[in-house]
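Just dropping this structure here.
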Amino acid sequence: MTNPSSGSFLLFIVFQSFGQHGRELITSELALRILSILSEEQFLPKMDRASLNGTLENVVIKIVPMENLNGRKLVEEGNLCERRNGRGVDLNRNWSVDWGKKEKDYDPYEENPGIAPFSEPETQIMRKLAISFDPHIWVNVHSGMEALFMPYDHKNRTPDGLPSQQMRLLLEELNNVHCHKRCMIGSGGGSVGYLAHGTATDYMYDVVRVPMSFTFEIYGDNTATLKDCFKMFNPVDDTTFKRVLNDWSAAFFTIFKLGPHQIDVHSKAAVSSMDKWVSIDEYFDGYLMGRRNRYGKKMEVLEVGMQEIRTYFRLFLLSSVLLLFMFCSRISKTGRQIVSAIPI
């Protein structure tokens, strides 16, 4: 793909997160399968090395294969229904868009949003990655059902205008080809049956201005009981396991292939999207890191910087107090020695 004005090659940027909820083990398995294909250890059916290279020629992909490491450890230790992190916080309720609002069916065990937006180290890291990486597509991968969701999670509607149409077109293609028309399509808040506040996908769309922001639900067994969380969120037989990984790996490579063509860079609605196209040389020269203050993200970047400044200031105060204490202690000891040396 080339820039019409300059003729230079451009990059399409994709950011994906897996394993945000501890009990959804299958999502990290999918991440590993995608990484295996990207490294050419495996290939999808009908995809050889040449077609893979052609698909990825101008695509940059960042994958977080297991966002919630401590929650995953709790699940592996036997707490199979745990979705929160090691501090008991739901990482998909800890983002700042509409944070902390509680619906009538709010379950504190399932949906604890934390003491404040970005109170958790996992969401802080993901926010910094999103701001610096500045993707065209964001995908947050979950399990529990089969669905292809777009914003919003905290509203019972999708965004207005062209961006919503572009997202829906891509999701319908994925549903037809890879989801075998089983997947639900629409807004998370309007389709799943409840509103969710403080989610990553709503933040990516509203704050980071990612043109295509998605939540994928890749598997769910509605015959499982509420106590059988492993079966509810993860395939338990080898045939289903392989099918899930094959179908959804193919879906992601369809995104890598079709995503750049789904964003209409000539429309006024996609001006911010077009502004995100960068040349390969600019990217590897650190171009993205230098553009943090664009796309309406000045306050977010400022907030990150202020957090770091506050941390340094606290360390400075602590070190000053310790130095003062050591100085006073030294003077006190010196004073006692002088007094005791005076003859009576």
Does the plane of the ring in Tyr152 sit parallel, tilted or perpendicular to the ring in Tyr205? Use 30° and 60° as the thresholds.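 Because their plane-to-plane angle is over 60°, the rings of Tyr152 and Tyr205 count as perpendicular.
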Side-chain donor-acceptor pair present, Ser143, Thr27, cut-off under 3.5 Å: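 No - no donor-acceptor pair under 3.5 Å links their side chains.
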Is it true that, when you exclude Lys257 itself, more than 12 heavy atoms of the residues, nucleotides or ligands shown sit nearer than 6.0 Å to its NZ?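 Count not over threshold, so no.
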Salt bridge flag under 4.0 Å for residues Arg33 and Glu29: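 Judged by the 4.0 Å cut-off on N to carboxylate O distance, Arg33 and Glu29 do not form a salt bridge.
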Is the positively charged end of Arg243 above the ring of Tyr219, judged by distance under 6.0 angstrom from the centroid and angle within 45° of the axis?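 Pair Arg243/Tyr219 does not count as cation-pi.
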Backbone N or O of Glu41 within a donor-acceptor pair of the Ser36 side chain at under 3.5 Å?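 No, Ser36 side chain to Glu41 backbone: no donor-acceptor pair under 3.5 Å.
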Under 4.0 Å between a Lys/Arg side-chain N and an Asp/Glu carboxylate O for Arg83 and Glu24?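 Looking at Arg83 and Glu24, the cut-off is not met.
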Does any N or O in the side chain of Asp247 come within less than 3.5 Å of the main-chain N or O of Cys179, such that one atom is a donor and the other an acceptor?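 Looks like no, no N/O pair under 3.5 Å.
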Tell me whether the rings of Trp248 and Phe216 are parallel (<30°), tilted (30 to 60°) or perpendicular (>60°).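 Judged by the thresholds at 30° and 60°, the geometry between Trp248 and Phe216 is tilted.
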Near Ile115 CD1, under 6.0 Å, is it more than 12 heavy atoms from other residues, nucleotides or ligands?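 Atom CD1 in Ile115 is not crowded, with 12 or fewer foreign heavy atoms closer than 6.0 Å.
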Check whether any side-chain N or O of Ser213 sits under 3.5 Å from a backbone N or O of Val210 as a donor-acceptor pair, and report yes or no.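 Such a contact is found between Ser213 side chain and Val210 backbone.
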Does the structure place the NZ or CZ of Arg127 under 6.0 Å from the centre of the six-membered ring of Tyr203, at an angle of no more than 45° from the ring's axis?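 Verdict for Tyr203: no cation-pi partner in Arg127.
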Rounded at 0.5 Å granularity, tell me how far CG in Leu170 sits from CE in Met150.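 Here the interatomic distance stands at 10.0 Å.
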Check: Trp138 ring centroid to Phe214 ring centroid under 6.0 Å: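 Ring centres of Phe214 and Trp138 not closer than 6.0 Å.
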Can you name the one residue among Ile61, Val141, Leu174 that meets side chain to side chain contact (heavy atoms under 4.5 Å, CB included) with Phe252?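 Result: among Ile61, Val141, Leu174, Val141 is the only option passing the side chain to side chain contact (heavy atoms under 4.5 Å, CB included) with Phe252.
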Min side-chain heavy-atom separation Val60-Phe133 under 4.5 Å: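 Yes, their side chains come closer than 4.5 Å.
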Atom NZ of residue position Lys242 - does it have more than 12 heavy atoms of other residues, nucleotides or ligands inside 6.0 Å?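 No, not enclosed.
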What closest approach, in Å, do Lys155 and Leu195 show between heavy atoms, and which atom pair accounts for it?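 Heavy atoms only, the tightest pair is C-CD2, 3.8 Å.
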Determine, for Arg23 against Glu82, whether the closest basic-nitrogen to carboxylate-oxygen distance falls under 4.0 angstrom.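 Salt bridge flag = no for Glu82 with Arg23.
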